Amino acid sequence: MKINFEHNQSAHCENGVVSNLLNYNGLKVSEPMVFGIASGVFFIYIPFIKVNFAPMFSFRPVPGFIFSRVSKRLGFKIKRHKFNSKEKAQQTLDAELSKNNPVGLQVGVYNLTYFPDEYRFHFNAHNLVVYGKDGGDYLISDPVMPQVTTLSAKELEKVRFAKGPFAPKGHIYYPTELPNDVDLKKAITKGIKQAYRHMLAPVPLVGFRGIRYVAKRIRKWPDKIGVKKTNHYLGQLVRMQEEIGTGGGGFRFIFAAFLQEASVIMENPKLAELSVEMTAIGDQWRDFAIDASRLYKNRSRETDAYNKIADKLDAIGLAERAFFLDLKRAIK
């Protein structure tokens, strides 16, 4: 039971799953276009939710939002199922595969046997495609991996029912009723408008204000919670920014690619200019990650190192404020 599904590697799992599923169903949309239409560029700091004993930092919307927003803005429907029963979850998966319907799954990362050990930690918002079955093994297209792979029924069940924050509960999803024509210009406009609204939101933990708020916390953490815990928190921030399938820079490079593609479709050269600016901001995020990683690995030779990386993060927050104000003026 194998579906003729094309595997394309992507920078981020949910973008890649959505793009690959749409491509299979005849709607050709690139990964950056999926991300941009879904207003995927984001930042939020949630100190009261802990992931691996550190506050939650996110550079993306809540898992599932990307697919939901793309479906609304491109005009197709999606079906989702979650389960209390592991048996029912497998039956539903097998039923869809028997219809030649590849499906997206939300899974936990920690027990994905094909992931390198350094990437396996307790994170339950990963996405992949199941596109067939060979005996007792399921055929897996994980878009952040270069090649397709397999998981046994037991291995797949384990990651589908991982415990903890954002527990997937066997979550399965796929598109239905795709349109013959889509209005990309309208979808791009809506995606950009929601993106700048989020990043300019008057909320202290969200958008550019959230970035600057974290910079203030970094200055206080060493004295307030100790160096060891501060370093653990910095490691969490860098991991969410650079390692969780984002392509680096907290999705900023993907958003820059979206703006470049959108500038042609929208016939708006200003978007191409802003694409270059967003790439430069992504470079700033990457430089911050390098300095922060040296610090939490005890390899930094800087004096007053925490204040210095806080300065870098604060500068990023100000740069993003200026960028999204320019983006707001560029789109109508």
Side-chain angles (χ1 to χ4, degrees), residues 11-13 41-60 63 108-112 115-126 144 162 164-166 204-255 279-320:
H12 175 251
C13 62
V41 66
F42 193 53
F43 183 85
I44 190 169
Y45 168 58
I46 312 178
F48 46 85
I49 294 181
K50 295 294 192 290
V51 179
N52 295 314
F53 307 103
M56 183 175 177
F57 307 93
S58 184
F59 294 81
R60 55 166 283 180
V109 167
Y110 187 76
N111 289 298
L112 283 177
F115 261 35
D117 288 344
E118 59 269 24
Y119 288 97
R120 293 171 62 184
F121 73 108
H122 294 287
F123 178 72
N124 292 331
H126 189 61
V144 303
F166 302 110
L205 303 181
V206 175
F208 86 89
R209 288 181 172 86
I211 297 167
R212 300 194 71 195
Y213 185 86
V214 172
K216 291 178 183 177
R217 296 295 95 195
I218 290 172
R219 299 184 199 281
K220 296 179 179 180
W221 279 338
D223 291 331
K224 187 173 182 179
I225 63 175
V227 168
K228 183 177 180 181
K229 205 167 185 179
T230 298
N231 289 347
H232 180 61
Y233 285 10
L234 288 175
Q236 175 88 325
L237 175 57
V238 171
R239 173 173 279 180
M240 298 309 294
Q241 175 193 317
E242 291 293 324
E243 296 181 3
I244 308 304
T246 69
F251 295 97
R252 272 52 183 171
F253 298 122
I254 300 177
F255 193 67
T279 300
I281 290 172
D283 290 337
Q284 287 182 257
W285 275 110
R286 183 152 284 175
D287 289 344
F288 164 80
I290 291 169
D291 288 348
S293 64
R294 286 184 183 137
L295 189 52
Y296 66 71
K297 292 178 181 178
N298 298 313
R299 295 174 185 170
S300 176
R301 297 180 181 178
E302 293 279 359
T303 57
D304 201 23
Y306 292 101
N307 278 323
K308 286 182 178 178
I309 63 165
D311 288 343
K312 284 198 169 187
L313 192 58
D314 198 46
I316 290 170
L318 290 172
E320 295 217 347

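When reading the values below, keep in mind they use all heavy atoms of this one structure, side chains included, and skip hydrogens, waters and symmetry mates. Everything numeric in this text was worked out from a predicted model, so none of it was measured.
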Minimum-distance pair of heavy atoms, taken over all atoms of [X] and [Y]:
| X | Y | answer |
| --- | --- | --- |
| K50 | P55 | CD-N, 3.7 Å |
| I211 | L313 | CG2-O, 3.5 Å |
| P222 | T230 | N-OG1, 3.3 Å |
| G282 | R252 | CA-CB, 3.8 Å |
| A162 | G108 | CB-CA, 4.0 Å |
| A125 | C13 | O-SG, 4.1 Å |

| Do other residues, nucleotides or ligands put more than 12 heavy atoms under 6.0 Å from K216 NZ? | no

| task | Check whether more than 12 heavy atoms from other residues, nucleotides or ligands sit under 6.0 Å from atom CZ of F115, and answer yes or no. | result |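 More than 12 within 6.0 Å, yes.
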
| message | Using only atom types and a distance under 3.5 Å, with no angle test, would you say the side chain of E242 pairs donor to acceptor with the backbone of G250? | response | no

To the nearest 0.5 angstrom, please state how far the [atom1] atom of [X] sits from the [atom2] atom of [Y].
| X | Y | atom1 | atom2 | value |
| --- | --- | --- | --- | --- |
| D304 | I309 | CG | CD1 | 10.5 Å |
| N231 | I225 | CG | CD1 | 9.5 Å |
| T279 | F255 | OG1 | CZ | 11.0 Å |
| D283 | F253 | CG | CZ | 4.5 Å |
| M240 | R60 | CE | CZ | 8.0 Å |
| R217 | L205 | CZ | CG | 9.5 Å |

Test item: [X] and [Y] side chains (from C-beta on) under 4.5 Å apart, heavy atoms:
| X | Y | result |
| --- | --- | --- |
| F288 | L237 | yes |
| R239 | F123 | no |
| E320 | W285 | yes |

| Is there a salt bridge (Lys or Arg N to Asp or Glu O under 4.0 Å) between D291 and R294 once you walk through the steps? | CA-CA 5 Å; D291 288 348; R294 286 184 183 137; 3.3 Å; yes

| task | Evaluate side-chain contact (heavy atoms from CB on, under 4.5 Å) for V206 paired with F43, printing each intermediate quantity in order. | result | CA-CA 6 Å; V206 175; F43 183 85; over 6 Å; no

| query | Between R219 and D311, does at least one N-O distance fall below 4.0 Å, as a salt bridge requires? | reply | yes

| Is it true that the NZ or CZ of R212 lies under 6.0 Å from the centre of F208's six-membered ring and within 45 degrees of the ring axis? | no

| Of Y213, Y45, F42, the residue whose pairing with F57 passes ring-ring contact (aromatic ring centres under 6.0 Å, His included) |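 Running ring-ring contact (aromatic ring centres under 6.0 Å, His included) over Y213, Y45, F42 with F57 returns exactly one hit, Y45.
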
| request: Evaluate side-chain contact (heavy atoms from CB on, under 4.5 Å) for H12 paired with F59, printing each intermediate quantity in order. | output: CA-CA 12 Å; H12 175 251; F59 294 81; over 6 Å; no

| Is the F53 to H232 ring centre distance short of 6.0 Å? | no

